Amino acid sequence: MASKGKQKKKKGRILITLLIILIGAGLLCLMAIFMLYEIQNLNVIGNRVLPKEEIIAQSGVKVGDNYFFLNRAKLKERLEKNRYIEFRGTQFDYSGTMNIKINERHAMGIIQRNGLYYVIDADGMVLENSQEVMPDFQCPIVKGLDLSSRTLIIEGQIIGVKDIEQLSALSAVLKALDDTNMQGRTVSLDVSNLDNISIMTTEGAGIVLGRATDAELKLIIAREILASREDKKELMGANIDVSSGEKAYFMPPVLPTVTPVPTTTPTPAPSATPKK
């Protein structure tokens, strides 16, 4: 009986020792986490206009916080209260720097409806309601969007369209205008016919894009045509068709009139004198 009691005590001591070791290991792990994941510096990636300090302040994250215990859902919620910010994630390097990755939304198009003007980004997110005053943004007026009469246009939400393909095409062209530096040169964008999307430039020239496919390449081709004819005053009322995605067809505002070439009026040959 005594030997069994000793064995139980021995097992008890072993279990206690193991428990102490496990607790110690856990504490060491926690200490390592607190040391390795302590945020010592904050940075922002993707901002273009909004100040880094403003974005960091809105994030609610501070130097000294622990990256391991960061609640990303709440971080996203806090940041996206500003509709100009789209949260893209975070990044941490073991020097202690945490990067907040965002996409900064900016004005890409203007929609006019019922006498009001709405500013949208490339994804169709409504950024501003400018009421009855034309907003002072260098971006095109979007024409031809098929909106339901009951569709509400709400700031901070994607604009509702009947055909999602139309929104995708609009997004592709708006992004291409931005990427080719043609946004500020574009007065209007018409997406009423997805097979024949067109834009109007500040010079008064129309550009026929056709489908939204390869919009960036098409705009680069059109841009070269605009540059080559800029000094010739031939752009007002002209059309540039780049719908093929390979060639550009320039159609001047007035087709040249064919000048008639004077020709000699044919003289009928004298009839033959009959032989006697």
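What you see is a predicted model, and the numbers here were worked out from it, not measured in a lab.
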**Prompt:** Under 3.5 Å, is there a donor-acceptor pair between the side chain of N71 and the main chain of K74?
**Reply:** yes
**Request:** Check the pair Y249 / S243 against side chain to side chain donor-acceptor pair (under 3.5 Å), numbers first and verdict last.
**Result:** CA-CA 9 Å; Y249 299 92; S243 56; over 6 Å; no
**Asked** I85 and R105: which non-hydrogen atoms are nearest, and at how many Å?
**Response** O-NE, 4.4 Å
**Asked** Which residue, L177, L226, T180, forms the side chain to side chain contact (heavy atoms under 4.5 Å, CB included) with R185?
**Response** L226
**Message:** Donor-acceptor check, side chain of R88 to backbone of N103, threshold 3.5 angstrom: yes or no?
**Reply:** no
**Asked** Does some side-chain heavy atom of I45 sit less than 4.5 Å from a side-chain heavy atom of I100?
**Response** no
**Prompt:** Going through the checks in order, is the side chain to side chain donor-acceptor pair (under 3.5 Å) test met by E203 and T201?
**Reply:** CA-CA 5 Å; E203 297 92 347; T201 69; 2.9 Å; yes
**Prompt:** Closest approach of I221 and A248, non-hydrogen atoms and distance?
**Reply:** CG2-CB, 3.7 Å
**Prompt:** By the rule that ILVMFWY residues connect when side-chain heavy atoms come within less than 4.5 angstrom, directly or transitively, which residues belong alongside V49?
**Reply:** none
**Request:** For the pair Y84 and E128, evaluate side chain to side chain donor-acceptor pair (under 3.5 Å) and give the outcome as yes or no after the intermediate values.
**Result:** CA-CA 10 Å; Y84 281 86; E128 301 286 344; 2.8 Å; yes
**Fill in**
The single option from T97, N99, D93 that satisfies side-chain hydrogen bond (donor to acceptor under 3.5 Å, both in side chains) with N43 is N99
**Request:** Is it possible for you to check whether R72 lies under 6.0 Å from the centre of the six-membered ring of F92, through NZ or CZ, and within 45° of that ring's axis?
**Result:** no
**Message:** I'd like to know whether NZ of K101 has more than 12 heavy-atom contacts from other residues, nucleotides or ligands below 6.0 angstrom.
**Reply:** yes
**Asked** Hey, are the side chains of I199 and P140 touching, using non-hydrogen atoms and a 4.5 Å cut-off?
**Response** no
**Asked** Do V208 and V242 come within less than 4.5 Å of each other through their side chains, counting heavy atoms only?
**Response** no
**Prompt:** Would you call the rings of Y37 and Y67 parallel, tilted or perpendicular, where under 30° means parallel and over 60° means perpendicular?
**Reply:** parallel
**Over 12 foreign heavy atoms within 6.0 Å of CG, D195** = yes
**Message:** Using modelled atom types and a 3.5 Å cut-off, is there a donor and acceptor pairing between side-chain atoms of R83 and backbone atoms of L127?
**Reply:** yes
**Message:** For E86, is there any backbone N or O sitting under 3.5 Å from a side-chain donor or acceptor partner on E80?
**Reply:** no
**Message:** How long is the straight-line distance from CD1 of I153 back to CD1 of I159, given to the nearest 0.5 Å?
**Reply:** 4.0 Å
**Side-chain heavy atoms of I154 within contact of V126, under 4.5 Å** = no
**Message:** On a heavy-atom basis, which atom in V173 and which in A212 lie closest, and how many Å separate them?
**Reply:** CG2-CB, 4.1 Å
**Message:** Within the structure provided, determine whether I158 and L167 are in side-chain contact (heavy-atom separation under 4.5 Å).
**Reply:** yes
**Prompt:** Could D241 and K247 be called an ion pair, given the rule that one side-chain N must be under 4.0 Å from one carboxylate O?
**Reply:** no
**Prompt:** Do E216 and K218 meet the salt-bridge criterion of a basic N to acidic O distance under 4.0 Å?
**Reply:** no
**Request:** Indicate yes or no for a side-chain donor-acceptor contact from T186 to the backbone of S188 under 3.5 Å, with no hydrogens or angles considered.
**Result:** no
**Item:** side-chain hydrogen bond (donor to acceptor under 3.5 Å, both in side chains) contacts in which one or both residues fall within residues 157-169, not counting sequence neighbours
**Value:** E165-R211
**Asked** Under the 3.5 angstrom rule, does the side chain of D65 hit a backbone N or O of K62 as a donor-acceptor pair?
**Response** yes
**Asked** Do R113's NZ or CZ and the ring of Y118 fall within the cation-pi criteria of under 6.0 Å and 45°?
**Response** no
